[in-house]
Amino acid sequence: SAAGKYTIGISNTVQGNGWREEMVCAMKAQALASGEVAKLNIAHRNTDAAGQLEDIRNLISAKVDAIVVNPADPAGIKAGLEEATKAGIVVVAVDQAVTEPSAYIISNNQEQYAYLGAKWLFGQMGGKGEVFYMRGAAGASADSDRDKGFKKALAEFPDVKVAQEVFTGWQQDQAKQQILSFLSTGTPINGIWTSGIDNVIVDALVESQAPLVPIVGADNAGFVGQLSSVKGLVGAAVTNPGSIGGAGVTLALQILDGKKPAQQTVLVEPQLWENATDEGKAKLKAAADPSLSPEWPVSISIPDWTTYTKDQIVACKGPGE
Amino acid sequence: MSTTAISPQPVPFGRRVKRFMADRPLIPLIILLVILVVILQVLRPGIVNERWIANTIKFAIPLAILAGCQTMTMLTGGIDLSIGTVATMSAFIMATQIVNQDPAVAFALAMMPAVLIGLVNGIGVGVFRVHPLIMTLGTSLIGTGCLQVYQRTVIASGARIPDFLAWLGTGLTYGIPNALLLFVPLAALIVFTLSRTGFGRLLYAVGDNERATRLSGVQYWQVITALYVISSVLAGITGLLYIGLIKAPSLSLAEPLVLPSVAAAVIGGTSIFGGRGGYTGTIIGALILTVLTTLLTILQMPEGARRILFGLIVLFVTAAYLRIVEER
Amino acid sequence: MTSNPLLDATGVAKNYGAVAALRNASLSVLPGEVHALMGANGAGKSTLVKILTGAIPANAGRILIRGEARDIRSPAAGRRAGLLPVYQEPSLIPDLDVLSNLRLTGTPVEPFRAWVRELGIPDLDIRDTARDIPLAVLRVLDLARALAVEPDVLLLDEMTAALPANLAEKVLEVVRRQGDSGRAVIFISHRFVEISALCDRATVLRDGETVGVVDIVPGVEEKIVELMLGTRIVKTHVAARSAAQKAAPAPARPRLAVRNLRVGTKLNDVSFDLADGEVAGVVALEGQGQDELFAALAGSIRPSGGAIEVDGQPAKFSHPIDAIRAGLAYVPGDRAEALAMQRSVRENIALPFSAALRNWGPIAMRQERAKVVSAIARLQIDTRAQGEVQRLSGGNQQKVTIARWIAADTRTLLCFDPTRGIDVGTKQEIYKLLREVAGHGKSVLFYTSELEEVQRVCDRVIVIFGGRVVDIFAVEEADEPALMRAAYGLPRGAKADIGILADPHSSSAESASSSDSNTPGATP
Amino acid sequence: MSHFLRRQGWVAGLFVLFVLLFITTKLIQPAYGSGDFGSLVRAVLPYAFAVAAQTVVVIAGGIDLSVAAMMALTSVTAASMMSGASEEYALFVVPFVLAMGFVLGAINGMLIVVTRVPDIVVTLATLFVLQGAALLVLNAPGGAAAEWLKALISGTVPIPGLPDGIDAWQPKALLLLIVCLCIIWIPLRRSRLGLSIYAIGSSELAAFRSGVPVARTRIIAYALSGLFAAFGGLALTMSTGIGAPIPGPYLLASVAAVVLGGVALGGGKGGLLGPIVAVFVLRLVRTDLTLLAIDPNVTAIIEGAIMVAVVMFGAFITMRSRQS
Ligand SMILES: Nc1ncnc2c1ncn2[C@@H]1O[C@H](COP(=O)(O)OP(=O)(O)OP(=O)(O)O)[C@@H](O)[C@H]1O
Ligand SMILES: Nc1ncnc2c1ncn2[C@@H]1O[C@H](COP(=O)(O)OP(=O)(O)OP(=O)(O)O)[C@@H](O)[C@H]1O
Ligand SMILES: [Mg+2]
Ligand SMILES: [Mg+2]
């Protein structure tokens with residue numbers, strides 16, 4: 001309702017990606033649902049750390065009460081966040097950590113995300129064999145954090161080898177071409193780990209009638225649906241909720257209301273939903289949501305952190321809209 | 001000390017081969033393509049099989065059509081950076097409208113932004129004389145914004161890939177990609193248009209010397225408007241084909257194809273300054289780029305080194321091609 | 001004149017792929033002489049000039065400068081060796097102002113200004129951007145820039161082709177004085193009057209080979225033409241047109257009627273008629289509004305007043321297409337304005353066929369070829385390099401611009417100096433062609449900078465001065481002196497001297513003292 | 001005067017546009033003050049260098065698609081060299097990185113001259129090569145920047161004798177920008193080399209015939225572009241304190257600002273001032289959109305529309321002036 005008293009600034013640097021769009025919608029929905037926010041001020045475009053600094057400084061100029069930011073880089077926007085804190089603005093980083101000590105962080109644990117999925121995958125492979133490792137965008141910090149987790153799991157399974165490592169750039173078409181090229185080489189593999197570009201991989205395997213090896217992906221609506229519907233597919237979806245954005249808004253509002261959390265950093269631990277066990281299948285079934293755009297993560301809410309309804313996040317309307 | 005100018009000696013073999021290739025610029029391009037394929041086969045014996053060829057063709061086709069848009073606009077000295085956005089828009093709209101619309105209606109809705117953006121581009125470039133790069137960049141920004149606004153209204157209804165498009169995009173008949181059913185006539189039409197129709201002639205002439213065409217009675221804005229509309233419609237069709245291939249609508253679906261489409265046209269011998277080039281070369285250019293991507297994907301090396309290699313090969317191929325085709 | 005040659009080139013050859021632009025050219029120039037370089041279109045004159053000045057490399061040949069072998073690899077090196085060219089195309093940088101252009105080439109400004117004034121352009125603003133300067137003036141600036149550094153050898157490639165008579169006169173006079181002061185000039189022109197007035201000797205090229213060196217003496221023209229054209233014998237003079245060739249008595253309604261036409265400040269009040277079957281000449285000094293007149297008739301610019309009637313119907317042109325639909329086709333003097341240089345001869349000629357929206361469909365290839373081939377034949381275009389028009393020689397390019405409208409069978413041609421840079425042989429062809437076109441009941445409006453052409457081609461002459469029609473002559477009265485006088489705005493029958501003496505801009509006494517008998521257009 | 005107006009009219013118009021936007025900003029956010037202006041300049045900094053890099057080659061008749069990748073490479077190189085090193089070491093890093101940009105730019109130019117492949121393809125290829133090199137230097141964002149370097153662009157430059165109120169409006173970043181651009185551009189513009197760059201852009205054939213060493217001039221133009229891009233890369237490292245191997249949105253932004261700034265994409269025309277003012281305008285539009293809290297999806301539409309509208313307006317004016 002318009003009775004809210006705060007203005008919240010939001011800064012995001014990737015546009016046109018389903019996950020990020022859901023994050024922004026979660027922020028809007030949560031701001032609306034909380035009833036405490038009068039206005040959202042959103043800077044949402046494709047840019048780099050320097051561009052995000054610009055956005056943050058513009059938000060400071062706009063005199064917002066809090067800034068929720070998905071950082072382009074943990075260290076690169078330190079100066080801007082410091083200025084914001086100095087100006088009396090509450091700063092909350094979501095999705096990834098930041099190095100600015102005064103900022104609060106509520107984040108998906110990217111390293112754990114990769115570790116969890118990879119460990120499950122290597123287990124499914126029987127602890128040996130060749131894995132096709134499909135990373136995100138070269139040079140992105142989320143990608144290098146996930147790489148750490150993947151390598152950690154790999155170290156625990158000495159008999160698992162990386163058959164091929166590619167960067168999908170988090171692009172569906174590129175990933176599909178890469179997997180098809182790879183399949184054409186006839187190199188046998190025993191599992192595929194993806195950094196969230198998952199449903200096109202399943203499609204590619206099905207289309208080219210290649211053996212369905214175990215696949216790990218993210219909890220995107222498309223992939224989660226495939227895990228239940230594609231016959232013979234064994235796989236797992238690791239949650240990476242875009243709704244973390246809503247949690248960020250909640251955290252910011254709590255701080256504005258004087259309820260500071262115990263620590264600066266709150267980590268949202270990923271979950272793994274696999275379709276190899278009945279228990280896992282049930283979770284998947286519960287989570288599946290064919291009505292969502294296939295690029296949207298199905299975990300559209302985070303218990304304890306978000307209070308909006310599905311309709312609200314899907315409507316994607318903030319206060320005053 | 002006076003040197004004889006032209007001696008009636010038989011022309012050396014090397015020179016003859018060169019002249020032969022210079023007259024048929026497609027041959028050196030095809031040779032370059034074959035060389036890449038051979039390298040691929042040497043690196044991964046057995047990779048060049050029926051399935052690989054089908055895959056390569058499937059991915060080369062959308063690129064080739066978009067590069068066709070680029071070829072035609074480049075002939076007039078322009079460039080169309082909005083094709084990525086247009087293709088994405090029509091793909092996204094198709095996938096979301098098909099859920100509760102008649103296929104024909106969905107198709108019409110999907111092609112609407114394409115026609116509209118093409119028209120705006122054409123009027124901006126042809127009537128107001130805005131530089132094509134800026135004009136198409138601007139409309140592509142506007143289009144992206146509109147798509148995002150639109151996207152919010154359809155999140156709830158979800159998306160579906162029409163079976164026909166999936167069949168066209170990914171299906172094989174007797175091992176031959178169905179997409180060729182669309183592409184072969186389309187390519188033939190483009191080649192025919194460029195070489196044997198008045199409109200095609202005008203594209204070359206306008207790109208070469210606009211004042212001269214004006215004095216010959218050509219109305220620039222008509223040619224340019226028609227061109228950008230055609231380019232946009234082709235891009236829209238590509239979007240539909242592409243969504244059938246990728247099967248995942250996203251808001252940046254076809255954007256990654258824009259720079260490669262320019263590269264494919266240039267590798268294929270079309271001049272970025274207008275007036276020179278053709279579509280057959282562009283098709284080979286698209287194939288070369290697609291094979292090159294495969295080649296680099298299967299190479300085991302750091303991503304940085306891969307990109308360096310990609311850049312160097314593109315440069316080398318274009319330079320070698322120019323060397324061979326140039327007469328002096 | 002028995003000293004050693006300043007410049008001596010032998011055995012020069014240049015191939016462009018399969019085309020031999022030069023096979024075995026030689027040229028020897030003595031100090032103090034003005035040496036003509038002659039040849040038909042495509043003979044290789046420009047190519048030789050480019051090679052001598054380092055603009056393109058030769059495939060073979062030896063070049064001696066003052067007896068020393070020099071390898072000139074770039075225009076800058078040519079400049080250092082004392083060779084300064086004025087190429088056939090303007091060479092100022094279009095987007096820089098004149099001053100920057102001078103700085104770029106290290107040309108001293110004061111001598112340049114002096115030369116510009118001397119060459120008959122008193123009011124040049126050197127802060128003007130080259131792009132905004134008319135072609136004729138640009139040519140003069142090119143020359144002044146070359147003169148300002150006092151070159152040993154000056155190479156002028158069709159320097160006078162784009163100049164109106166008054167400017168051409170000044171150029172000839174200046175060039176003559178260069179020769180007199182012991183320097184050498186290589187002079188390319190297709191105008192025999194200029195050659196005989198100016199030059200001491202001539203080297204004749206044919207098909208890329210030097211076929212003769214002759215002294216210029218009265219009556220040598222026939223010999224030169226014979227050398228130039230080889231077996232292609234052409235009568236140098238068309239006989240005066242017989243009465244039968246003359247236009248039929250003007251019909252009641254003129255094909256084109258221009259009434260009180262005004263364009264901006266340049267064209268103030270022009271009225272005349274053009275009848276079917278008539279060739280009407282237009283004569284004017286540089287910048288008297290003739291460009292605007294043609295542009296307005298061609299639909300390129302909109303007139304600010306007056307009326308144009310075609311076949312008795314009032315016509316309003318907002319785009320050249322409107323003029324073309326009315327049967328008026330414009331052949332610009334500057335071929336770069338008319339040609340798609342990277343396209344083939346055929347496509348250039350066929351361009352108007354596809355212009356209209358309804359002709360955007362498939363092309364009837366056979367029909368088109370027939371029309372194009374016949375136009376090529378009628379203009380005798382050298383098609384050795386027809387794949388791209390830019391590879392044709394300047395003169396052949398010029399022919400393509402006319403061939404286009406011959407192929408399109410246009411009713412009225414607006415030719416703006418169509419014989420600019422065309423060799424004698426072909427000029428005759430073009431004269432014949434224009435007469436023939438008129439003979440078929442079509443009409444031609446024909447601006448020319450060469451006054452002698454008027455009597456060969458035209459039925460009537462319209463003289464424009466200061467944006468107004470000052471006189472209309474019947475062809476019988478239009479001898480060169482009379483035309484010249486009228487072009488300067490002098491009333492008919494005035495006996496005042498014309499030519500250099502009468503030039504209103506001429507201020508220096510020295511120009512008056514120079515030999516006016518050398519100047520074409522002066523009273524014989 | 002008419003010469004001046006004809007040449008500088010567009011720049012003057014842009015400047016007026018900037019002032020109008022500034023007033024608008026003040027109206028939207030009355031508290032918009034000197035500190036915010038400082039932020040604007042810091043945001044402008046990398047764009048300004050990118051656009052300077054692009055301007056030089058566009059004037060020379062080319063285009064440089066590798067600008068953003070060059071910035072990324074120089075930025076990660078600087079950041080990784082300075083990471084863990086002493087403050088003084090940066091004194092060596094800065095000239096080293098600038099020299100690197102210059103040399104890589106020159107290589108761009110040499111490739112164009114030697115291979116005779118069109119600029120746009122060569123720089124597209126080097127875009128990939130430089131991106132790859134950046135990834136080899138740092139495969140993820142990281143590195144560090146010396147504190148004194150970061151301090152160079154924060155704060156203001158007080159000039160003795162001026163009241164504090166005015167001093168506050170002189171951000172160090174602005175001074176840095178002006179100094180870096182002027183030191184290179186003004187002598188260049190006045191030199192024969194500068195003329196040659198305009199000449200080859202205007203007409204390569206005429207330039208060659210005027211004795212301009214075309215190949216050498218082209219190489220130098222690209223080298224200067226590389227140098228400016230290296231400044232841009234350093235500016236990125238200075239403002240973020242890290243180096244990121246993925247290029248930012250500077251390529252298209254630079255081309256857009258070049259055109260908005262009145263530099264013809266065909267070459268030979270325009271100057272550096274126009275594009276720089278255009279960058280200020282574009283960044284200030286961004287600020288206003290944020291201050292107005294406009295729906296972020298609509299901002300893309302607005303930015304695209306503004307870009308097209310301004311250029312259309314320019315085209316319209318040219319058409320009108322040509323008719324009269
Ligand atoms: N780049 C080229 N490619 C092919 N042929 C060429 C090229 N340049 C010149 N030629 C040919 O070389 C021949 C000589 O040309 P050149 O221009 O020297 O003739 P010219 O004597 O100057 O003729 P004009 O009097 O028409 O100017 C021409 O037939 C021309 O077609
Ligand atoms: N750099 C070049 N590249 C290609 N062709 C060239 C070049 N320079 C000259 N030519 C060709 O050389 C020939 C010389 O043409 P040019 O116009 O100089 O002839 P010209 O002797 O002056 O004849 P005209 O009397 O017709 O003016 C032309 O065919 C031209 O196309
Ligand atoms: Mg010539
Ligand atoms: Mg000539």
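It should be emphasised that the depicted structure is a prediction, and the values quoted were computed from it without experimental measurement.
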Please lay out, stage by stage, how D:R286 and A:N58 fare under the test side chain to side chain contact (heavy atoms under 4.5 Å, CB included).
CA-CA 9 Å; D:R286 182 82 230 166; A:N58 283 339; 4.2 Å; yes
Less than 4.5 Å to any heavy atom of chain D: does that hold for the side chain of [X], its backbone, both, or neither?
X: A:K78; result: neither
X: A:L40; result: backbone
X: A:I42; result: both
X: A:D73; result: side chain
X: A:T47; result: both
X: A:Q15; result: side chain

For D:P249, which of A:T13, A:N46, A:D48 qualifies under side-chain contact (heavy atoms from CB on, under 4.5 Å)?
A:D48
Enter the distance from [X]:[atom1] to [Y]:[atom2] here, rounded to the nearest 0.5 Å.
X: D:I242; Y: A:S141; atom1: CD1; atom2: OG; value: 8.5 Å
X: A:K63; Y: D:D36; atom1: NZ; atom2: CG; value: 5.5 Å
X: A:L53; Y: D:R42; atom1: CG; atom2: CZ; value: 8.5 Å
X: A:R57; Y: D:S239; atom1: CZ; atom2: OG; value: 7.0 Å

Begin from the C-alpha positions of A:E54 and D:R283 and carry the test salt bridge (Lys or Arg N to Asp or Glu O under 4.0 Å) through to its verdict.
CA-CA 9 Å; A:E54 177 186 0; D:R283 287 349 294 160; 2.9 Å; yes
Portion of D:P245 that has a non-hydrogen atom of chain A nearer than 4.5 angstrom:
side chain
Looking at D:L292, D:V76, D:I294, D:T287, which makes the most heavy-atom pairs under 4.5 Å with chain A?
D:T287
Could you check which of D:P141, D:A140, D:S39 has the highest count of heavy-atom pairs closer than 4.5 Å to chain A?
D:P141
Nearest heavy-atom approach of D:L291 to A:N41 is O-ND2, 4.2 Å
I'd like to know which of A:S61, A:A50, A:A62 tops the heavy-atom pair count under 4.5 Å against chain D.
A:S61
Name the member of A:A138, A:A49, A:G9 that forms the most heavy-atom pairs with chain D at distances under 4.5 Å.
A:A138
